[in-house]
Each structure stands twice: as C-alpha cells, then as structure tokens.
Amino acid sequence: MRRFSRVAMTLLFPVSLLTALLPLVQFGPARLSLLDLGHLMLGHMPILPLYSEILTRLGIYLTPFLYPIIVLAGAVLLAALVSLFLPEKGAFYLALVFPPVLNVGVFFLFQQMWDKLEEVRPALPFFSLEDTLTLQGATVLIWGLIWVLIILLALLGLSLTLAAQAQTDWTDILPEMIDPPTGPERDADEQQYRQQVETLERTPPSLEPFPREETPSSSPAPACRDFSGAVLGQSGRFLGMAYPLQERRAVYFTYDGREVFLQDRQGLGALAEVYYVKQYQEYCLQPLERQAVFLVSGQPLGAGRRYFLPRGTELYLLGQGHAFSLA
C-alpha cells in the first residue's frame with residue numbers, strides 16, 4: 001500500500017499540468033485555456049472567436065508572465081523527479097510541503113494575470129462582443145482535487161511508513177532495555193535460575209540434554225572457568241534440564257508439531273539459532289521465523305535479526321508453554 005501511494009502520488013504531479021489544456025477563463029465569446037494564453041504570450045494567434053487587435057493586446061499584456069509560468073511548471077516536473085530518488089519518507093514529506101507552496105505561487109500569479117485581462121476587457125463592447133470575464137470553475141476544481149489527492153496519498157503513505165518503522169524499532173529492543181517485572185514470583189524465579197546456573201557451572205558430570213533429532217557428541221559439562229553457555233528448560237517436560245553449548249557453535253530451537261527442542265543442525269521446523277560468545281559472556285540469537293521468539297514481556301523478536309542477549313535472558317518459543325532461559 002505504501003508503494004502504491006508513492007507511485008500514484010508521484011504520477012499525479014505531471015498529471016496536474018494537463019489542466020493547462022482545459023478552459024480556464026471565459027473572455028467574451030472565447031474560452032481560453034492556459035495553453036491558449038501561452039500561445040498569445042509567444043506572439044502566436046490561436047484560432048479564437050476574437051479580433052486580432054484584442055488578441056495582440058492580450059499577448060502584449062500577458063507576456064511578462066510567460067517565464068513565471070514556465071518556472072512553476074518546471075518546479076512541478078522537478079518535484080516529481082526528485083520524489084523518485086528520495087527515500088520513501090522523504091518523498092511523502094515533499095508531497096506534503098510542495099503543494100501549498102506551489103499553489104500560493106499560482107494564486108498570486110493568476111491574480112496578476114486576471115488584472116491584465118480586466119484591462120483588456122473594455123475593448124470587447126467596442127468590437128460588439130459579449131462583455132464577459134469569468135473563471136471556469138470546473139478547471140479550478142480539477143486542479144484543486146489533484147493536489148488534495150496528492151496530499152492525502154502522502155499522508156496515507158507517511159502514516160504507514162512511520163507505523164512500519166515504529167514496529168521495526170520496537171522489535172530491536174533487547175531485554176536489558178526493558179524494565180524487568182518485580183514481585184515475589186519474579187524473585188522466586190530468579191532464585192531458581194541462579195541455582196540452576198550454579199549447578200551447571202560447578203557440576204562436572206554431563207547434564208541431561210533436550211531430546212533432538214540428532215544427538216551431538218556428548219562431553220562433560222565444563223568447569224566454571226571453561227563455561228561456554230547452556231540453555232535451561234523452564235517449562236513442561238524440560239523443566240530443570242540443561243543443554244550445554246560450545247563456544248560460537250550454533251544450535252537450533254526446533255518445533256516438530258508437538259514440542260520445541262534443541263538440535264545441532266538447522267532442519268525442518270527450525271525457529272531460531274543461538275550460540276554463546278565467551279569473550280562477552282553473551283548469547284547471539286537469530287529468530288528464523290516471524291512470531292516465533294518472544295521475551296517474557298510478550299514482545300516478539302524480529303525474524304532475520306541478530307540479538308546479543310545477556311545471561312539470564314528468558315524466552316518463549318511459540319508461547320509460554322515452551323519457556324527457556326540462557327544460562
């Protein structure tokens with residue numbers, strides 16, 4: 001929808017110039033378009049139901065406005081061209097600012113041209129022509145509707161762009177940037193987590209790994225100084241169980257239709273990749289699917305983005321029934 005708004009908005013810039021072909025003023029028996037007035041400014045005599053003396057006088061009086069009209073038309077085309085190369089948000093801002101500025105210039109220019117038409121108007125009765133000078137409202141209405149539509153498309157596109165940007169920025173928020181919940185339940189969970197980490201770091205025997213399709217080579221859990229990460233189960237059948245990691249070696253949260261487990265290769269049903277970086281004592285997590293990995297606050301982590309998470313981060317995979325923490 002944002003792309004449609006931008007394309008339609010940009011195309012309407014040059015389309016607005018086509019109103020120069022429509023009748024703009026009724027001058028005596030002639031309906032003059034802006035193109036007809038331009039021919040008169042250039043010294044040409046378009047076929048109109050007016051005497052050549054009147055047409056010549058109109059051309060002389062209106063000639064000073066030729067270059068301002070060309071400048072305004074060029075500004076419209078230049079704005080359309082610039083809009084094509086601007087970033088999406090910049091193009092929408094341009095479409096909001098340019099129309100008011102342009103139309104203020106058009107208003108003052110046309111007001112001065114109208115004064116010149118009024119000066120030539122007394123010559124109409126002298127040639128037995130209808131003494132009429134009126135503005136063609138339909139043409140003005142079409143011009144105004146085009147620019148109003150440009151502004152509305154810009155507002156729509158800008159609102160969608162800002163909403164998408166806000167969602168992207170929010171998915172980049174890491175757990176340490178969010179105020180943790182407080183209360184007795186949080187304190188109890190934290191105490192349980194600390195006990196699990198201490199057990200993992202101090203106990204040399206190998207720990208029970210989570211079920212997985214392909215069992216990696218088993219090795220005893222490292223001593224504290226050689227700790228290279230682990231994932232702790234926090235719910236269901238994996239509550240209290242640990243899956244030891246190896247330094248910078250990725251493992252994958254995988255869903256088989258019934259439960260989420262860890263395995264050392266990326267297969268069908270892989271939801272996220274995680275590995276431990278000993279140097280910074282952080283975990284690097286990359287969700288592979290949308291709406292698959294959540295913080296305890298319920299905020300989803302964006303697919304395809306890498307998050308460096310501190311030890312102790314708690315995650316949900318596909319909901320609270322599959323809870324894990326990074327030891």
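Throughout, numbering of the chain's residues begins at 1 and tracks the sequence.
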Would you please test Val251 and Gln263 for side-chain contact (heavy atoms from CB on, under 4.5 Å) and show each step?
CA-CA 6 Å; Val251 296; Gln263 63 177 14; over 6 Å; no
Show your reasoning for whether side-chain contact (heavy atoms from CB on, under 4.5 Å) applies to Leu158 and Tyr93.
CA-CA 8 Å; Leu158 183 61; Tyr93 279 125; 3.6 Å; yes
Give the intermediate values and the outcome of side-chain contact (heavy atoms from CB on, under 4.5 Å) for residues Phe324 and Leu326.
CA-CA 7 Å; Phe324 303 88; Leu326 306 176; over 6 Å; no
Chi angles and distances behind the side-chain contact (heavy atoms from CB on, under 4.5 Å) call for Gln286, Arg305:
CA-CA 6 Å; Gln286 180 181 2; Arg305 298 179 180 275; over 6 Å; no
Step by step, work out the side-chain hydrogen bond (donor to acceptor under 3.5 Å, both in side chains) result for Thr19 and Thr139.
CA-CA 7 Å; Thr19 56; Thr139 301; over 6 Å; no
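Across every non-hydrogen atom of Leu295 and Tyr316, the tightest pair is O-CD1, 3.7 Å. When all heavy atoms of Trp114 and Thr134 are compared, the closest pair comes out as CH2-C, 3.7 Å. Minimum heavy-atom separation, Val277 to Glu247: C-OE1, 3.9 Å. Looking at every heavy atom in both residues, Ala75 comes nearest to Phe98 through O-CZ, 3.6 Å. The two atoms that bring Ala272 and Leu285 nearest to each other are CB-CD1, 4.4 Å, heavy atoms only. Between Gly302 and Pro287, the shortest heavy-atom distance links the atoms O-CG, 3.6 Å.
Using a 4.5 Å heavy-atom cutoff, the side chains of Leu245 and Tyr243 are in contact. When side chains are defined from C-beta on, Thr132 does not count as touching Leu124, because their heavy atoms never get closer than 4.5 Å. Between Met9 and Ser83 the shortest side-chain heavy-atom distance falls below 4.5 Å. Under the 4.5 Å side-chain criterion, counting only non-hydrogen atoms from C-beta, Leu315 is not in contact with Ser325. Phe238 is not listed as a side-chain neighbour of His322, based on a closest heavy-atom distance of 4.5 Å or more. Residues Glu314 and Gln234 fail the side-chain proximity criterion, which asks for heavy atoms closer than 4.5 Å. Looking only at side-chain heavy atoms (C-beta outward), Ser16 and Val76 come within less than 4.5 Å of each other. The side-chain heavy atoms of Val274 and Phe253, taken from C-beta on, include a pair separated by under 4.5 Å.
Taking the six-membered ring for Trp, Trp147 and Phe13 have ring centres closer than 6.0 Å.
In the hydrophobic cluster analysis, where Ile, Leu, Val, Met, Phe, Trp and Tyr join through side-chain heavy atoms closer than 4.5 angstrom, Phe92 is grouped together with Leu102. By the criterion of side-chain heavy atoms lying less than 4.5 angstrom apart, applied directly or through intervening Ile, Leu, Val, Met, Phe, Trp or Tyr residues, Val97 is not grouped with Leu78; the two fall into different hydrophobic clusters. Two different hydrophobic clusters hold Tyr255 and Tyr252 under the rule that ILVMFWY side chains link at heavy-atom gaps under 4.5 Å. Both Leu153 and Ile142 sit in one connected hydrophobic cluster of ILVMFWY residues. Membership requires side-chain heavy atoms under 4.5 Å apart, directly or through other members. In terms of hydrophobic clustering, with Ile, Leu, Val, Met, Phe, Trp and Tyr side chains grouped at heavy-atom distances under 4.5 Å, Val106 and Ile146 are assigned to a common cluster.
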Distance-only donor-acceptor pairs under 3.5 Å for side chains of residues 48-68, two or more places apart:
from	atom 1	to	atom 2	distance (Å)
Thr56	OG1	Ser52	O	2.8
Thr63	OG1	Gly59	O	2.5

Identify every side-chain donor-acceptor pair in residues 21-47 under 3.5 Å, counting partners at least two apart or on other chains, and give the distances.
from	atom 1	to	atom 2	distance (Å)
Gln26	NE2	Gly28	O	2.9
Arg31	NH2	Gln136	OE1	3.2
Ser33	OG	Leu35	N	3.4
Ser33	OG	Asp36	N	3.1
Ser33	OG	Asp36	OD2	3.2
Asp36	OD2	Ser33	N	3.1

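If you take CZ on Arg6 and CG on Leu84, they are separated by 7.0 Å, rounding to the nearest 0.5 Å. To the nearest 0.5 Å, atom CZ of residue Phe108 and atom CE of residue Met113 are 16.0 Å apart. Note that the CG atom of Leu271 and the CG atom of Leu318 stand 5.0 Å from one another [nearest 0.5 Å]. Of the inter-residue distances, the one linking Arg248 atom CZ with Ser228 atom OG reads 12.0 Å to the nearest 0.5 angstrom. The line from SG of Cys284 to CZ of Arg306 is 4.5 Å long, rounded to the nearest 0.5 Å. Here the CD1 atom belonging to Ile151 is positioned 11.5 Å from the CG atom belonging to Leu12, to the nearest 0.5 angstrom.
Residues that satisfy the side-chain contact (heavy atoms from CB on, under 4.5 Å) test with Val148, not counting sequence neighbours, are Leu152. Not counting sequence neighbours, the partners of Tyr276 by the ring-ring contact (aromatic ring centres under 6.0 Å, His included) test are Phe227, Tyr283.
If you run side-chain contact (heavy atoms from CB on, under 4.5 Å) between Leu155 and each of Ile150, Leu160, Leu96, only Leu96 comes through.
In the hydrophobic clustering, Val7 connects to Leu11, either directly or through intervening members, whenever side-chain heavy atoms lie under 4.5 Å apart.
Checking side-chain atoms of Thr313 against main-chain N and O of Leu309 turns up no donor-acceptor pair under 3.5 Å.
Residue-environment remark: CZ (Phe127) exceeds the threshold of 12 foreign heavy atoms within 6.0 Å.
A side-chain hydrogen bond (donor to acceptor under 3.5 Å, both in side chains) check over residues 97-110, counting only residues at least two apart or in different chains, returns the pairs Asn103-Trp143.
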